[in-house]
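Owing to the predicted nature of the structure, the values given are computational and were not obtained by experimental measurement. Counting begins at 1 with the first residue of the sequence.
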Amino acid sequence: MAAQELQVQKKRELDKKEEATAPGRVYLPTADIYESQDVLTVILEMPGVEKGNVEVRVEDGVLHVEGRLDLSKYQGLQPLYSEYNIGHYARSFHLTNKIDQAKIAAELKDGVLSLTLPKAEDAKPRIIKVK
């Protein structure tokens with residue numbers, strides 16, 4: 001069996017439909033979604049984003065995540081080598097009625113945002129007792 005080559009995933013820039021009033025590019029954060037019996041867990045990578053610059057909101061059944069970089073930290077720096085571009089992050093997910101939207105939780109640690117989306121009680125698997 002041949003060894004599989006590792007490849008660096010290229011950042012994808014967000015395809016914006018409207019004009020922005022703030023400077024900087026906006027990228028789609030890479031995401032992994034895991035499911036257990038009780039919750040969906042969404043992991044988003046947003047390197048350089050600090051906790052105070054993250055906004056997570058639910059609006060009309062859509063989960064919106066935005067992370068803003070403090071671009072002032074990069075002013076005056078000339079990169080010698082760069083594997084990714086500097087910019088803000090934004091991503092949205094349509095939620096089903098199987099998610100308890102009132103109990104969604106978020107935690108940011110070391111540039112990784114973890115979202116916990118609990119399943120609604122009627123969406124959880126259950127065993128029906130046969131009489």
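Between the Arg68 side chain and the Asn53 main chain, no donor and acceptor come within less than 3.5 Å of each other. Using a distance-only test at 3.5 Å, with no hydrogens or angles considered, no donor-acceptor pair links the side chain of His94 to the main chain of Val62. The main-chain N or O of Ser36 is found under 3.5 Å from a side-chain atom of Lys119 such that the two form a donor-acceptor pair.
Note on Ile33: it clusters hydrophobically with Ile99, by side-chain heavy-atom contacts below 4.5 Å among ILVMFWY residues. Hydrophobic clustering keeps Val112 apart from Tyr27 (ILVMFWY residues linked when any side-chain heavy atoms are closer than 4.5 Å, directly or through intermediates).
The shortest side-chain heavy-atom distance between Thr30 and Leu44 does not fall under the 4.5 Å cut-off. Residues His88 and Arg25 have side chains not in contact (no heavy-atom distance under 4.5 Å, counting atoms from C-beta outward). Between Val130 and Ile128 the shortest side-chain heavy-atom distance does not fall below 4.5 Å. Using a 4.5 Å cut-off on side-chain heavy atoms (C-beta onward), Leu115 and Ile43 make no contact.
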Please test Ser72 against Asp70 for side chain to side chain donor-acceptor pair (under 3.5 Å), starting from the C-alpha separation and ending with a verdict. CA-CA 5 Å; Ser72 67; Asp70 181 1; 2.6 Å; yes
Evaluate Val42 against Leu113 for side-chain contact (heavy atoms from CB on, under 4.5 Å), listing each step before the verdict. CA-CA 8 Å; Val42 180; Leu113 180 66; over 6 Å; no
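Between Glu50 and Lys73 a salt bridge is recorded (basic side-chain N to carboxylate O distance below 4.0 Å). Note on Arg57 versus Glu66: salt bridge recorded, some NZ/NE/NH1/NH2 to OD/OE distance being below 4.0 Å. A salt bridge does not link Lys51 with Glu107: none of the charged nitrogens is closer than 4.0 Å to a carboxylate oxygen.
Here CG of Leu95 is found 11.0 Å from CG of Asp60. Values are rounded to the nearest 0.5 Å. Atom-to-atom distance recorded for Leu117:CG and Glu35:CD is 11.0 Å, nearest 0.5 angstrom. Considering CG of Leu63 and CD1 of Ile104, their distance stands at 5.5 Å, rounded to 0.5 Å.
Shown here for Pro29 and Ala90, the closest heavy-atom pair between the two residues is CD-O, 3.4 Å. When all heavy atoms of Tyr89 and Met46 are compared, the closest pair comes out as CB-SD, 3.6 Å. Taking each heavy atom of Pro118 and Val39 in turn, the nearest pair found is CA-CG1, 3.7 Å.
For CG of Asp32, the number of neighbouring non-hydrogen atoms (other residues, nucleotides, ligands) closer than 6.0 Å is greater than 12.
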